[in-house]
Amino acid sequence: MSDLSKLVFIDSDEHEWLDTLDNYEKEIVIELLEASSSYQEAASIWLEASTDTTSPFGTDNVGGQKKYFNRLQDHVRKLLCGDAAYENERKEVTELVKRNVPKESVISTISALIGAKIGLAATFLAPAIVIIFMIISKVSLNVWCEMKTFQDVN
């Protein structure tokens, strides 16, 4: 388990994460959450709404749908839960959290770090990462890291 699991930062109220987004993104994400059956579905809709340039990231087609959200969630899991592939990035995020930087900075940093690894713009990833943090806030980071498959939790 990573050092991040020891920090209460992740356990914030799920709606605090929405405040890390720009107003226009926040409004869209709220609409997606209200119109969707799950947080995962809302994040998937966001990611697949403009995926023309993201095909290398989500090339697997399962049941006719690319799995952008599952892949992104896997990268966030690697970062937050202790995967060696994200060791340096995790240290960077842990230091930000320990310094009590605003959540907006943490989301921006995580979006940029993961975006650099997978070749996508941080601004594109940020709303979906916020939704993932909303999911984590419902179950706790430790429980989320232990999930073998990511089920709907809303």
**Prompt:** Is a side-chain donor or acceptor of K117 paired with a backbone partner of A85 at a separation under 3.5 angstrom?
**Reply:** yes
**CG-CD distance between L32 and E25, expressed to the nearest 0.5 angstrom** = 11.5 Å
**Message:** Could you tell me if the side chain of K138 sits less than 4.5 Å from the side chain of Y39, heavy atoms only?
**Reply:** yes
**Request:** In plain terms, say whether D74 and R77 are close enough for a salt bridge, that is, a side-chain N and a carboxylate O under 4.0 Å apart.
**Result:** yes
**Prompt:** Quick one: are F133 and I110 in side-chain contact, heavy atoms under 4.5 Å?
**Reply:** yes
**Complete:** For K103 and T20, the nearest pair of non-hydrogen atoms, with its separation, is CB-CG2, 3.5 Å
**Message:** Are the side chains of M134 and L18 in contact, using a 4.5 Å heavy-atom criterion?
**Reply:** yes
**Item:** Pairwise side-chain contact, Q40 with I135, heavy-atom cut-off 4.5 Å (strictly under)
**Value:** yes
**Message:** Salt bridge or not between K91 and E87? Use side-chain N to carboxylate O under 4.0 Å.
**Reply:** yes
**Prompt:** Taking the side chain from E41 and the backbone from S37, do they hold a donor-acceptor pair closer than 3.5 Å?
**Reply:** yes
**Asked** Under the 3.5 angstrom rule, does the side chain of S108 hit a backbone N or O of S105 as a donor-acceptor pair?
**Response** no
**Prompt:** Hey, what do you get for CD1 (I132) to CG (L80), rounding to the nearest 0.5 Å?
**Reply:** 9.0 Å
**Prompt:** Does the W46 side chain pair with the main chain of F124, one donor and one acceptor, at a distance under 3.5 Å?
**Reply:** yes
**Prompt:** To the nearest 0.5 Å, how far apart are CG in D19 and CD1 in I107?
**Reply:** 11.5 Å
**Message:** I need the minimum non-hydrogen distance between A128 and L72, along with the two atoms involved.
**Reply:** CB-CD2, 3.5 Å
**Item:** Gap separating the CD atom of E92 from the CD atom of E95, nearest 0.5 angstrom
**Value:** 9.5 Å
**Prompt:** Which pair of heavy atoms, one from V29 and one from P127, lies closest together, and at what distance?
**Reply:** CG2-CB, 3.8 Å
**Prompt:** Atom CG of N70 and atom CG of L47: how far apart are they, to the nearest 0.5 Å?
**Reply:** 10.0 Å
**Prompt:** Do you know which two heavy atoms are closest between W17 and V130, and how far apart they sit?
**Reply:** O-CG1, 3.3 Å
**Item:** Matching residue for I129 among L79, L21, V76 - test: side-chain contact (heavy atoms from CB on, under 4.5 Å)
**Value:** V76
**Asked** When rounded to the nearest 0.5 angstrom, what distance separates CG in L113 from NE2 in H75?
**Response** 12.5 Å
**Request:** State, yes or no, whether a side-chain contact exists between C81 and Y86 at a heavy-atom distance under 4.5 Å.
**Result:** no
**Request:** Side-chain contact test, heavy atoms from C-beta onward, threshold under 4.5 Å: evaluate it for R71 versus I118 and give yes or no.
**Result:** no
**Asked** What are the two closest heavy atoms between S111 and L125, and how far apart are they?
**Response** O-CD1, 3.8 Å
**Message:** Do R90 and T94 make a side-chain contact, defined as non-hydrogen atoms from C-beta onward lying under 4.5 Å apart?
**Reply:** yes
**Message:** Run I136 and V143 through side-chain contact (heavy atoms from CB on, under 4.5 Å) and show every step you take.
**Reply:** CA-CA 8 Å; I136 293 169; V143 170; over 6 Å; no
**Asked** Which heavy atom of I45 sits nearest a heavy atom of S36, and at what distance?
**Response** CD1-OG, 3.7 Å
